[in-house]
Amino acid sequence: MKKGHSIIIMLALIVFMLFPAAAKAGDFDGLKEAKVVWDVTAGDEKVFTDRINLIHQTAESLKKKGITPVFVIGIRGPATKFVAKSVEGTKFEKDKIEKKDEIQQKLLKATEDGIKIKQCSIPMQRFNVAKNNVVEFIEVVDNVWENLIALQNKGYAYIVP
């Protein structure tokens with residue numbers, strides 16, 4: 001091996017060790033938009049908050065890479081309690097939700113940043129959450145599974161966080 005070749009190989013190894021993401025950058029080549037539908041059901045406050053934070057963080061990270069995130073969050077099941085203005089009179093009434101206002105502010109911020117949020121009406125009926133009890137910035141849909149199906153058929157990636 002020639003001396004110049006060994007130096008190039010050595011430099012390539014150093015770059016790979018110092019910047020491993022650079023070696024995988026091809027995943028994002030040519031990507032202008034990332035369409036994702038997130039299926040969120042977590043009824044645990046900490047888990048739900050973590051998922052929403054990670055979804056928002058992912059959107060911001062993609063933006064920094066020059067990729068437009070086109071995100072839709074579908075909320076169903078026990079996660080419904082986090083979009084209710086009040087749990088009084090619902091089946092969530094006995095659940096302890098310490099940071100509901102903070103969670104709803106995170107959801108509002110996500111919508112302000114372009115993330116759409118859709119709440120399924122089926123768990124609303126099951127948990128006795130009236131439509132006028134859902135925060136205004138979230139769209140209530142008949143059956144969020146139908147939306148998930150439609151969006152996947154339109155090319156959205158499906159992720160269960």
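When a residue number appears, it is its place in the shown sequence, counting from 1. Both backbone and side-chain heavy atoms feed into the values below; hydrogens, waters and symmetry mates do not.
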To check you understand the geometry: which heavy-atom pair defines the closest contact between [X] and [Y], and what is its length?
| X | Y | value |
| --- | --- | --- |
| Val47 | Ala42 | CG1-CB, 3.6 Å |
| Pro69 | Leu62 | CB-CD1, 4.3 Å |
| Pro161 | Ile55 | CG-CD1, 4.3 Å |

SB check [X] [Y] (cutoff 4.0 Å):
| X | Y | answer |
| --- | --- | --- |
| Glu136 | Lys85 | yes |
| Glu98 | Lys96 | yes |
| Lys109 | Asp113 | yes |

Inter- and intrachain pairs under ring pair (Phe, Tyr, Trp, His ring centres under 6.0 Å), touching residues 139-161, at least two apart:
none
By the ring pair (Phe, Tyr, Trp, His ring centres under 6.0 Å) test, which pairs, at least two apart or in different chains, include something from residues 105-139?
Phe92-Phe127
Sub-3.5 Å donor-acceptor pair from the side chain of [X] to the main-chain atoms of [Y], do we have one?
| X | Y | value |
| --- | --- | --- |
| Thr90 | Val87 | yes |
| Gln104 | Ala84 | yes |
| Asp50 | Lys46 | no |
| Ser61 | Gln57 | no |
| Glu93 | Gly89 | yes |
| Glu33 | Ile67 | no |
| Lys81 | Gly43 | yes |
| Asp142 | Ser121 | no |

With heavy-atom distances below 4.5 Å as the criterion, would you say the side chains of [X] and [Y] are in contact?
| X | Y | answer |
| --- | --- | --- |
| Phe48 | Ile75 | yes |
| Val37 | Phe71 | no |
| Thr41 | Asp39 | yes |
| Gln119 | Val144 | no |
| Val72 | Val36 | no |

Separation of [Y] [atom2] from [X] [atom1] (nearest 0.5 Å):
| X | Y | atom1 | atom2 | answer |
| --- | --- | --- | --- | --- |
| Asn153 | Leu148 | CG | CG | 11.0 Å |
| Ile97 | Ile103 | CD1 | CD1 | 7.0 Å |
| Lys106 | His56 | NZ | NE2 | 9.5 Å |
| Asn143 | Arg76 | CG | CZ | 9.5 Å |
| Asp101 | Leu108 | CG | CG | 12.0 Å |
| Cys120 | Arg126 | SG | CZ | 8.5 Å |

Check for me, please, whether [X] and [Y] land in the same ILVMFWY cluster - side-chain distances under 4.5 Å, paths through other members count.
| X | Y | answer |
| --- | --- | --- |
| Leu151 | Ile122 | no |
| Val70 | Trp38 | no |
| Val140 | Phe82 | yes |

How about [X]: does its [atom1] atom have over 12 heavy atoms from other parts shown lying under 6.0 Å from it?
| X | atom1 | value |
| --- | --- | --- |
| Lys91 | NZ | no |
| Glu112 | CD | yes |
| Lys99 | NZ | no |

Does Lys35 have any side-chain hydrogen bond (donor to acceptor under 3.5 Å, both in side chains) partners at least two apart in sequence or in another chain, and if so, which?
none
Set out, in order, the CA-CA distance, both residues' side-chain angles and the distance that settles side-chain contact (heavy atoms from CB on, under 4.5 Å) for Val129 and Val134, then state yes or no.
CA-CA 8 Å; Val129 176; Val134 174; 4.2 Å; yes
Stepwise side-chain contact (heavy atoms from CB on, under 4.5 Å) test for Thr111 and Lys116:
CA-CA 6 Å; Thr111 63; Lys116 294 179 182 172; over 6 Å; no
Check against side-chain contact (heavy atoms from CB on, under 4.5 Å), Leu107 and Ile52:
CA-CA 7 Å; Leu107 293 170; Ile52 297 303; 3.8 Å; yes
Would you please test Ile115 and Ile73 for side-chain contact (heavy atoms from CB on, under 4.5 Å) and show each step?
CA-CA 7 Å; Ile115 297 173; Ile73 299 173; 3.7 Å; yes
